[in-house]
Participant: 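I'd like to ask some things about the structure below.
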There are 2 protein chains.
Amino acid sequence: MPTQTVSDTARAAQIFQALSDETRLEIIAMLESGERCVCELQDSLDAAQSRLSFHLRVLKEAGIVTDRREGRWSYYELNREVFDDAEAILKDLRPRGRRGASRAGECCG
Amino acid sequence: MPTQTVSDTARAAQIFQALSDETRLEIIAMLESGERCVCELQDSLDAAQSRLSFHLRVLKEAGIVTDRREGRWSYYELNREVFDDAEAILKDLRPRGRRGASRAGECCG
DNA sequence: TGAAAATATCAAGGATTTTTGATACGTCAA
DNA sequence: TTGACGTATCAAAAATCCTTGATATTTTCA
């Protein structure tokens, strides 16, 4: 079995936290159609360079993007796997069974 | 057309932000099988009462749970719709087209 | 009526995240 | 080589989020 460094819950929280910022969601939107270099992102988003760099790092640390350096340019790309993970996590959080399955009366009696 | 109070991006960020905390994810896990009263949540999670109350409020404000009062008890329940929304948002963020569609060379020329 | 229970709210403090401006680093081209 | 460029990193300030303990509110029960 794989060593479980962080709990599934912690991993889920990390992914959602990375997705919880508007600037980062905009970055993701720009990467949807493929790899982009930082300078392009900078042009479209009007974000200070270090700010953009910060958000790209958050995304990278959460595994949402990968990066690649080519000469003096850096290219960022979405990591498909993490989207599968996120979808699975969401499915897991989803309410099960019939709507409004009441537990009233089973507690605090 | 509906008045768009907040952008879709802002709404997405709000949902993900609500999901970005381990305590809240645990609360959601406990609600998966149906409605629960606050006292039950409090027993299972070992969270101070006001802490639990705070997190329930965040979840409620993000539309992830609904609440219902009955006598002196409050019951919280997951809101299915928001999970559909979240799934749709994720689908939207997902990378499109073929893997590694490179844009290298199209910028920074 | 009065006390106790269940929950919400509030204010203060601590912790974490985000922004900003400065600086450092590798790469390229003159 | 030297200088400009693209990007990352750092430190400090600002903003936001979370926790804690105190208090308020509503409801129930003796």
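Numbered from 1 within each chain, the chains take letters A, B, ... in sequence-line order. Below, each value reflects all heavy atoms present in this structure, side chains not excepted, and no hydrogens, waters or symmetry copies. Just so you know, these numbers come straight off a predicted model, no measurement behind them.
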Participant: Does OP1 or OP2 of dA8(C) have a side-chain N or O of S74(B) closer than 4.0 Å?
Facilitator: yes
Participant: Please report, rounded to the nearest Å, how far the C1' atom of dT18(C) is from the CG atom of D21(A).
Facilitator: 8 Å
Participant: Of the candidate nucleotides dT18(C), dC10(D), dT20(D), which contains the atom at the shortest distance from the side chain of S50(A)?
Facilitator: dC10(D)
Participant: Please give, in whole Å, the distance from dT18(C) C1' to Q49(A) CD?
Facilitator: 15 Å
Participant: Under 4.0 Å from any atom of DNA chain D, heavy atoms only: list the residues of residues 51-63 of chain B that qualify, in numerical order.
Facilitator: R51(B), F54(B), H55(B)
Participant: Does a side-chain N or O of R72(A) approach OP1 or OP2 of dA29(C) to a distance below 4.0 Å, or not?
Facilitator: no
Participant: Nearest of dT20(D), dT7(D), dA5(C) to any side-chain atom of W73(A)?
Facilitator: dT7(D)
Participant: Where do G63(A) and N79(A) come nearest, in terms of heavy atoms and distance?
Facilitator: O-ND2, 3.0 Å
Participant: Look at Y75(B) and dA6(C) and indicate whether a side-chain polar atom (N or O) is within less than 4.0 Å of OP1 or OP2.
Facilitator: no
Participant: Are side-chain N/O atoms of T23(A) and R51(A) paired as donor and acceptor at under 3.5 Å?
Facilitator: yes
Participant: How close or far is atom P of dG6(D) from atom CD of E40(A), stated in whole angstroms?
Facilitator: 13 Å
Participant: Looking only at non-hydrogen atoms, find the nearest pair between L78(A) and V65(A) and report the distance.
Facilitator: CD2-CG1, 4.0 Å
Participant: Nearest nucleotide by nearest heavy atom, which residue falls closer to the 5' end of DNA chain D, R24(B) or D67(A)?
Facilitator: D67(A)
